[in-house]
Amino acid sequence: NNGLGAAGFASPGITPNGNLIEWNLVNGQIRPIVALREDTFKLFRLVYLSIKRYVNLIITDDVNSLRATDKCEMQLIAKDGIYLNYAPRQIQSVILASGNRADVMIRCSEPGFYHLISTPLEGTVIAVNNQGGVGGYNPAHTAAMGVNPVTQGFLAEIHVAAAGGA
């Protein structure tokens, strides 16, 4: 697998004040580093595994804004293992419910450090720490999904190297 694999949840414990700590896992790791080369597409085969949750994945260079960067692009080529009739299709985010799959090509135009994060469709982030953990969830309401907890937080760091190898 040359990209990100299954993203899911594990519950490693409870804080001293009784709050449940949940972690976002990517290929069994907390916030792994994914290496990309500038102006080169890399295929990511995404699978989301959870119970009654979904993700809204974006790539950002500013985690405080929770907005997708314009320095990276995502091109959707397949959903649930079925290639699109017209592909690639440029997208701003990847929304996956439990059991969904998506094949997405990612390319960043500038070297640097980026973050693959999941943000709510509506609502606000309650508490996302810099280790990838979420201190709680905020229900998001959409016509398509009803009221569901959204997985929020950091999933992976993306390090983009200069095309010349620097």
Side-chain angles (χ1 to χ4, degrees), residues 1-10 12 21-50 53-121 124-125 127-135 137 140 150-166:
N1 186 352
N2 62 349
L4 298 176
F9 260 85
I21 301 172
E22 296 177 335
W23 296 96
N24 301 314
L25 301 178
V26 176
N27 289 342
Q29 299 176 24
I30 296 172
R31 201 173 181 184
I33 296 172
V34 178
L36 295 179
R37 185 141 326 265
E38 173 188 24
D39 285 327
T40 303
F41 276 108
K42 187 166 188 176
L43 175 64
F44 290 77
R45 296 201 128 150
L46 304 169
V47 177
Y48 183 65
L49 304 172
S50 179
R53 293 183 185 256
Y54 66 93
V55 290
N56 180 36
L57 304 176
I58 65 167
I59 298 172
T60 184
D61 56 357
D62 179 6
V63 295
N64 294 315
S65 74
L66 299 179
R67 289 186 174 25
T69 181
D70 59 357
K71 298 173 187 170
C72 297
E73 67 177 291
M74 294 191 285
Q75 298 280 340
L76 180 66
I77 59 173
K79 296 189 295 188
D80 290 328
I82 300 171
Y83 287 97
L84 303 177
N85 289 332
Y86 301 99
R89 181 186 309 158
Q90 187 163 356
I91 56 176
Q92 297 300 311
S93 69
V94 180
I95 300 172
L96 298 171
S98 185
N100 288 160
R101 296 172 289 157
D103 290 1
V104 178
M105 297 185 308
I106 296 176
R107 172 174 67 182
C108 296
S109 61
E110 294 181 20
F113 301 103
Y114 302 91
H115 309 280
L116 179 67
I117 65 173
S118 178
T119 63
L121 292 174
T124 60
V125 175
V128 178
N129 68 38
N130 63 3
Q131 298 299 310
V134 178
Y137 66 84
V150 61
T151 298
Q152 300 176 62
F154 296 91
L155 293 176
E157 291 187 27
I158 300 173
H159 293 187
V160 179

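Computed from heavy atoms alone, side chains included, the values below leave out hydrogens, waters and symmetry copies.
- Residues passing the ring-ring contact (aromatic ring centres under 6.0 Å, His included) test with F113, sequence neighbours excluded: H159.
- Nearest heavy atom pair, residue D39 against residue S109, reads OD1-CA, 3.4 Å.
- For the pair L84/I77, no side-chain contact is recorded, criterion being any heavy-atom separation below 4.5 Å from C-beta on.
- Counting non-hydrogen atoms of other residues, nucleotides and ligands closer than 6.0 Å to CD of Q92 gives a total of 12 or fewer.
- Here the side chains of L116 and L57 are in contact, with some heavy-atom distance below 4.5 Å.
- Atoms CD1 and CG, on I59 and D70 in that order, are 12.0 Å from each other to the nearest 0.5 Å.
- Side chain of S118 to backbone of N56: a donor-acceptor contact under 3.5 angstrom is found.
- Q75 is linked by a side-chain contact (heavy atoms from CB on, under 4.5 Å) to F41, E73, P88, Q90, M105, counting only residues two or more places apart in sequence or in another chain.
- To the nearest 0.5 Å, atoms CD1 (I91) and CD1 (I58) are separated by 12.0 Å.
- Considering every non-hydrogen atom in both A161 and P111, the closest pair reads C-CB, 4.2 Å.
- Without hydrogens or angle criteria, K42 side chain to R37 main chain gives no donor-acceptor distance under 3.5 Å.
- Contact detail for V34 and A156: the closest heavy-atom pair is CG2-CB, 4.3 Å.
- Rounded to the nearest 0.5 Å, atoms CD1 (I82) and CG (D103) are 11.0 Å apart.
- T69 places none of its side-chain heavy atoms less than 4.5 Å from the side chain of D62.
- The two residues V94 and A102 come nearest to each other via the heavy atoms CG1-CB, 4.1 Å.
- Residues D61 and K71 come closest through the heavy atom pair OD2-NZ, 3.2 Å.
- E157 is listed as a side-chain neighbour of R31, based on a closest heavy-atom distance under 4.5 Å.
- Between the side chain of R107 and the backbone N or O of M74, no donor-acceptor pair lies under 3.5 Å.
- A distance of 11.5 Å separates CG of L155 from CD1 of I30, quoted to the nearest 0.5 Å.
- For the pair Y54 and Y48, the tightest heavy-atom approach, listed with the atom from each and the gap, is CA-CE2, 3.8 Å.
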